[in-house]
Structures are given as C-alpha cells and as structure tokens.
There are 2 protein chains.
Amino acid sequence: MKAPCPFTGPRPYHHGDLRRALLDAATRILDRDGQGGLSLRAVAREAGVSPAAPYHHFKDKSELMLAIAEEGFGQLSDYIRRTADMTVMPMERVAAIGLAYVEFAKAHPAVYRVMYDCSRDSDAMPDKAHNAEEGAYSLLKRAMIDIGVASPDQETDLELACIAAWCAAHGLAEMVGFKQFDALKAEMGGEKAFLAGVLSHLGMFGQARSRA
Amino acid sequence: MKAPCPFTGPRPYHHGDLRRALLDAATRILDRDGQGGLSLRAVAREAGVSPAAPYHHFKDKSELMLAIAEEGFGQLSDYIRRTADMTVMPMERVAAIGLAYVEFAKAHPAVYRVMYDCSRDSDAMPDKAHNAEEGAYSLLKRAMIDIGVASPDQETDLELACIAAWCAAHGLAEMVGFKQFDALKAEMGGEKAFLAGVLSHLGMFGQARSRA
DNA sequence: AAGCCCATCTTGACACCGTTCAGATCCGTG
DNA sequence: CACGGATCTGAACGGTGTCAAGATGGGCTT
C-alpha cells in the first residue's frame with residue numbers, strides 16, 4: 001500500500017511524520033484556495049491519506065488550525081526580527097516593524113486569518129505567541145522603549161502603547177486589501193505610499209512616512 | 001399547515017415577510033451561539049420553516065450574510081451618530097466615536113465578525129457602508145475635520161487620517177476581547193480604563209483618556 | 001530471531017451542511 | 001371561479017467533521 005517513495009530515507013512509521021505532511025498540505029491549501037478551501041478531508045486528500053488519519057495527530061480540526069496558527073506566528077516573528085535587525089535607527093525600526101507586520105499579512109492572507117481566528121477562540125495559543133521570549137511582541141516592546149514612548153518605570157503605560165500599536169497594525173493588515181481603497185492607492189501612486197501614509201497617522205508608526 | 005398565528009395581522013403571503021423573520025432568526029442565532037452556529041438550515045429551523053425556504057429570499061448563504069452585515073452597519077451608524085450627537089467638543093467627539101465603535105463590536109461580536117467577513121469577500125457592501133451620506137464614515141470624517149487633523153484642501157491626507165482611525169478602531173474592536181489582556185484590565189481597574197488607555201496612544205483618539 | 005504490542009492508518013458509518021428540483025400550496029387577479 | 005405565479009415543502013446529492021472497529025506493520029521483549 002502506498003508506494004514506499006524510496007528516496008526519502010528511513011521513515012519512522014507507516015507514513016513518516018504525517019503530522020508535518022498534514023501541516024504542509026494545509027498551508028499549501030490555504031495559500032492556493034484560501035480559508036474556504038480548508039477542510040480536514042481536503043488536507044488528508046492533499047497529503048494522500050484517508051479522511052480519518054489526521055485524528056491520530058490532531059484531536060480536532062480546531063487543533064490542526066491551532067498548529068497552523070502557531071507556525072504562522074513563528075514565521076511572523078522571524079520576519080519581523082529580520083526586518084528589525086536590518087534597521088538601526090529606533091524610530092525607523094518601529095515603523096519597519098509595522099510595515100513588516102502588514103506585509104506578512106498581505107503575503108499570506110489565509111494563514112493570517114487562521115492565526116487570528118485561533119487567537120479569538122482559544123486561550124492557550126496567543127500567550128505562546130505574545131509572551132514568548134523571542135516573540136514578535138517583545139521585539140515591538142523593545143523598539144517602543146528605544147523611542148521613549150514611556151519611561152521604563154511606567155510598565156503599564158508602555159504595555160498600553162504596545163497593545164495600541166499591535167491593534168493598529170492588525171486593523172491595517174486586515175483592511176489594507178479592501179477594494180474601496182483602490183482609487184486612493186492609485187492616486188497616491190501605489191500601495192506602498194498608501195500604507196506609509198496611513199501608518200504616518202498612527203502615532204507610534206509616524207516615521208513610516210519617510211520610507212515611502 | 002403551520003398555525004396561522006392569528007394575532008399578527010394580515011400577512012401578505014404564506015408566512016408573511018419571511019425575509020424579515022429569517023434575518024431576525026439569524027441575528028438571534030449569532031448573538032446566542034456565535035458565528036459557528038450560523039447555518040442556513042439552523043436559520044430556517046429557528047424561523048420554523050423548511051431548509052429550502054430561504055432560497056426564495058436569498059440566492060445564497062453568502063447573500064444572507066451580506067444582508068445581516070448591511071443591517072449591522074446600519075445599526076453601527078445609528079449608534080455612532082447618537083453618540084456623536086451627544087458630544088459637543090470636537091476632540092471629545094472623535095474619542096467618543098472610537099469608543100462607541102469598539103463598544104458596538106463588543107456588544108455584538110458575532111454580527112461584527114460577519115460584517116467584516118463580508119467586507120473582505122465582497123465589493124458591493126462596504127461601499128454602501130462607507131459612502132452612504134449618513135454612514136458612520138462620514139460622521140468620523142466630519143469630526144476629524146473639526147479637530148483640524150488636516151486642512152480641508154488636503155483631501156488626500158484627511159482621507160488617510162480617517163482610514164487610519166478606522167483601522168485602529170477595527171483592530172482594537174477585534175482584539176479587545178483577547179484573554180491575555182485580562183490581567184492588565186484588572187490591574188487598571190476595569191475594561192473601560194483599559195480601553196481609554198489604549199485609545200489614548202492612538203493619535204486621533206488621544207482625548208479618550210479623559211473619559212476613563 | 002520470533003512474536004507480541006501498540007501506534008498508525010483504513011474502512012465504513014452517522015449526522016449535519018449547502019444546494020437543487022419537482023411538486024404541493026395559497027395569494028391576487030381576470 | 002378558475003388561473004398563474006409567487007411561496008413553501010420533501011426528498012435527494014455531494015461534501016463536511018467525527019467516531020468506532022478492523023487491518024497493518026514497526027519496534028521492543030524474550
């Protein structure tokens with residue numbers, strides 16, 4: 001059963017890390033068909049396996065989605081870290097982080113959607129994404145300290161500022177693709193300029209204007 | 001068939017404005033069971049009608065959702081207008097609009113979710129909400145002009161500022177319910193204070209701080 | 001090296017979903 | 001009063017999430 005596919009080296013079990021294969025299949029489907037095309041059966045089909053097989057690796061469909069979301073937050077963190085590392089000036093760094101956030105959401109809209117659906121419905125996952133030592137949130141927090149948005153002893157106010165930035169970035173990420181902005185984008189000579197313009201009105205991202 | 005329910009006056013057809021009844025049933029389900037419980041069959045069941053009946057009033061499930069979204073945007077506009085009318089100081093008015101927006105989303109989370117799912121997928125509906133003369137967007141725009149965020153001849157910049165405000169409000173509306181903010185909310189003595197604190201860091205809503 | 005055990009995968013089934021279509025029902029109109 | 005068309009029902013199709021029971025085969029014990 002199921003051609004052994006000889007050139008993939010030794011496989012621990014019947015399939016060989018089906019969990020990994022399922023996650024890859026799922027992200028492939030998300031990027032290809034969008035969130036609407038993501039069904040457990042479709043994922044199993046894409047991975048070349050029976051519809052019930054995933055239940056040995058994920059308790060639920062929601063647990064599959066949660067795993068996808070975790071991977072997504074990991075990639076987002078990586079992308080933001082790379083962007084932040086490339087920008088030395090603190091002011092510009094905050095702006096770059098905001099821009100990177102929106103760019104990620106634009107590049108993988110369906111995955112981004114799953115990420116925030118999970119954040120809403122579950123309690124476990126977002127903590128992992130937000131509080132992780134290396135998470136994107138702590139990168140933002142450090143950058144916000146660097147621009148002096150709040151003195152280090154005003155922990156509460158700093159937290160509020162970071163949350164505000166996160167909310168603004170999230171809102172922009174979800175709305176940047178809306179059709180009614182197309183005219184304005186064209187008038188401004190491209191989405192990049194549009195994005196920078198909007199960010200420039202969002203306090204902490206003000207410096208983005210110079211990156212247009 | 002189907003007890004005539006004699007005390008509802010004359011009904012034009014078999015049921016009597018089933019379209020209205022379906023929309024009511026749908027919003028009832030959304031408020032009770034959340035977005036996950038919203039199925040065409042469930043709506044029909046709630047309205048006491050066969051599963052195929054809705055197809056004589058809505059081409060699609062998506063068309064039902066779109067109708068719900070339109071109603072939602074209407075209610076949102078009404079609520080924002082009422083709030084804006086009650087606040088005379090321009091600065092406070094902008095803050096009040098932002099707060100009202102978030103409050104609406106918090107009061108009807110599932111409906112709000114449907115509203116923005118439709119905004120994303122369709123092109124027709126959001127225009128109706130944004131461009132409507134009396135829409136919430138124009139209320140925001142007028143308030144933004146009043147606080148002098150951009151001189152009237154800088155139409156583009158004004159538009160960008162309004163979009164920025166809208167994005168920030170949307171992001172906050174979607175994230176305000178996240179569990180990881182619970183600790184901070186408690187520390188600040190309530191969600192109201194938390195909300196005002198976050199808004200105070202979002203440029204155009206700065207005045208919200210005084211409303212805590 | 002033989003054999004057992006259990007994780008893994010498959011098959012088949014159930015309930016629910018969106019959607020369609022032929023037919024029953026009932027309203028206003030001629 | 002009969003007709004026509006809008007409205008609703010019933011049954012059906014393919015797709016979905018989920019579960020229970022059986023087949024399979026790799027790794028551990030002896």
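Scope of the values below: all heavy atoms of this structure, side chains included, with no hydrogens, waters or symmetry mates. Lettering follows sequence order; numbering is per chain, from 1.
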A.B. asks: To the nearest 0.5 Å, what is the distance between CE on B/Met175 and NE2 on A/His170?
C.D. replies: 6.5 Å
A.B. asks: Start at the 5' end of DNA chain D and walk down; is the nucleotide closest to A/Lys59 or to A/Ala42 reached first?
C.D. replies: A/Ala42
A.B. asks: Can you tell me the distance, in whole Å, between the CG atom of A/Leu64 and the P atom of D/dT18?
C.D. replies: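 Going from CG in A/Leu64 over to P in D/dT18 covers 10 Å.
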A.B. asks: Nearest whole Å is fine: how far is C/dC9 C1' from A/Phe58 CZ?
C.D. replies: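 Whole-Å distance recorded here is 15 Å.
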A.B. asks: Looking at A/Ser39, does any N or O in its side chain come under 4.0 Å of the phosphate oxygens OP1/OP2 on D/dT16?
C.D. replies: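 Answer yes for this pair, as a side-chain N or O of A/Ser39 is under 4.0 Å from OP1 or OP2.
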A.B. asks: Between C/dT19, C/dG18, D/dT18, which nucleotide has the shortest distance from any of its atoms to the side chain of B/Asp60?
C.D. replies: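 Per side-chain heavy atoms of B/Asp60, the pick is C/dT19.
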A.B. asks: Figure out the CG/P separation between B/Leu40 and C/dT19, and round it to whole Å.
C.D. replies: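 Interatomic distance, CG of B/Leu40 to P of C/dT19: 6 Å.
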A.B. asks: Taking OP1 and OP2 of C/dC9, is either one under 4.0 Å from a side-chain nitrogen or oxygen of A/His57?
C.D. replies: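 True: A/His57 side-chain N/O within range (under 4.0 Å) of C/dC9 OP1/OP2.
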A.B. asks: Less than 4.0 angstrom from a charged side-chain N to a carboxylate O is my criterion; do A/Asp78 and A/Arg81 meet it?
C.D. replies: yes
A.B. asks: Specify the separation, in whole Å, of atom CZ of A/Arg45 and atom P of D/dG14.
C.D. replies: 14 Å
A.B. asks: Look at A/Arg41 and C/dC17 and indicate whether a side-chain polar atom (N or O) is within less than 4.0 Å of OP1 or OP2.
C.D. replies: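 For A/Arg41, the contact criterion (side-chain N or O under 4.0 Å from OP1 or OP2 of C/dC17) is not met.
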A.B. asks: Please tell me which of A/Ser50 and B/His56 maps to the more 5' nucleotide of DNA chain C, matching each residue to the nucleotide holding its nearest heavy atom.
C.D. replies: A/Ser50
A.B. asks: Would you say the side chain of B/Leu40 lies within less than 4.5 Å of the side chain of B/Tyr55, judging by non-hydrogen atoms?
C.D. replies: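 In contact.
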A.B. asks: Starting from the 5' end of DNA chain D, give me the residue, B/Pro51 or A/Ser62, whose nearest nucleotide shows up first.
C.D. replies: B/Pro51
A.B. asks: Just the rounded figure in Å: distance from P of D/dG15 to CD of A/Glu46.
C.D. replies: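 That distance rounds to 17 Å.
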A.B. asks: Of the nucleotides D/dC8, C/dC21, C/dT19, which one has an atom closest to the side chain of B/Ala52?
C.D. replies: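 Among the listed nucleotides, the one closest to the side chain of B/Ala52 is C/dC21.
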A.B. asks: Where the side chain of B/Val49 is defined as all heavy atoms beyond and including C-beta, which of D/dT16, D/dT18, D/dT9 is the nearest nucleotide?
C.D. replies: D/dT9
A.B. asks: If you check the B/Tyr55 side chain, which of D/dC8, C/dG18, C/dT11 turns out closest?
C.D. replies: C/dG18
A.B. asks: Any donor and acceptor pair, going by atom type alone, linking the side chain of A/Arg120 with main-chain N or O of A/Tyr116 inside 3.5 Å?
C.D. replies: yes
A.B. asks: Quickly work out the B/Asp33 CG to C/dC17 P distance and round it to whole Å.
C.D. replies: 11 Å
A.B. asks: Go through D/dT9, C/dT11, D/dT16 for me and flag the one nearest to the B/Ala53 side chain.
C.D. replies: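 Selected nucleotide (nearest to the side chain): D/dT9.
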A.B. asks: Calculate the interatomic distance between A/Glu63 atom CD and D/dC19 atom P; express it in whole Å.
C.D. replies: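 A/Glu63 atom CD is separated from D/dC19 atom P by 12 Å.
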A.B. asks: A/Asp17 CG to C/dA7 P: how many Å, rounded?
C.D. replies: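 The distance from CG of A/Asp17 to P of C/dA7 comes to 17 Å, rounded to the nearest Å.
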A.B. asks: Looking at every strand, decide which applies to B/Arg19 at a 4.0 Å heavy-atom threshold: base, sugar-phosphate, or nothing.
C.D. replies: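 The residue B/Arg19 makes no contact with any strand.
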A.B. asks: Given 3.5 Å as the limit, does a donor-acceptor pair link the side chain of A/Arg93 with the main chain of A/Thr87, or not?
C.D. replies: yes
A.B. asks: Choose from C/dG18, C/dT11, D/dT16 the nucleotide whose nearest atom is closest to any side-chain atom of B/Lys61.
C.D. replies: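 Among C/dG18, C/dT11, D/dT16, the one nearest the side chain of B/Lys61 is C/dG18.
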A.B. asks: To the nearest 0.5 Å, what is the distance between CZ on B/Arg28 and CD on B/Glu46?
C.D. replies: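 Here the rounded value is 4.5 Å.
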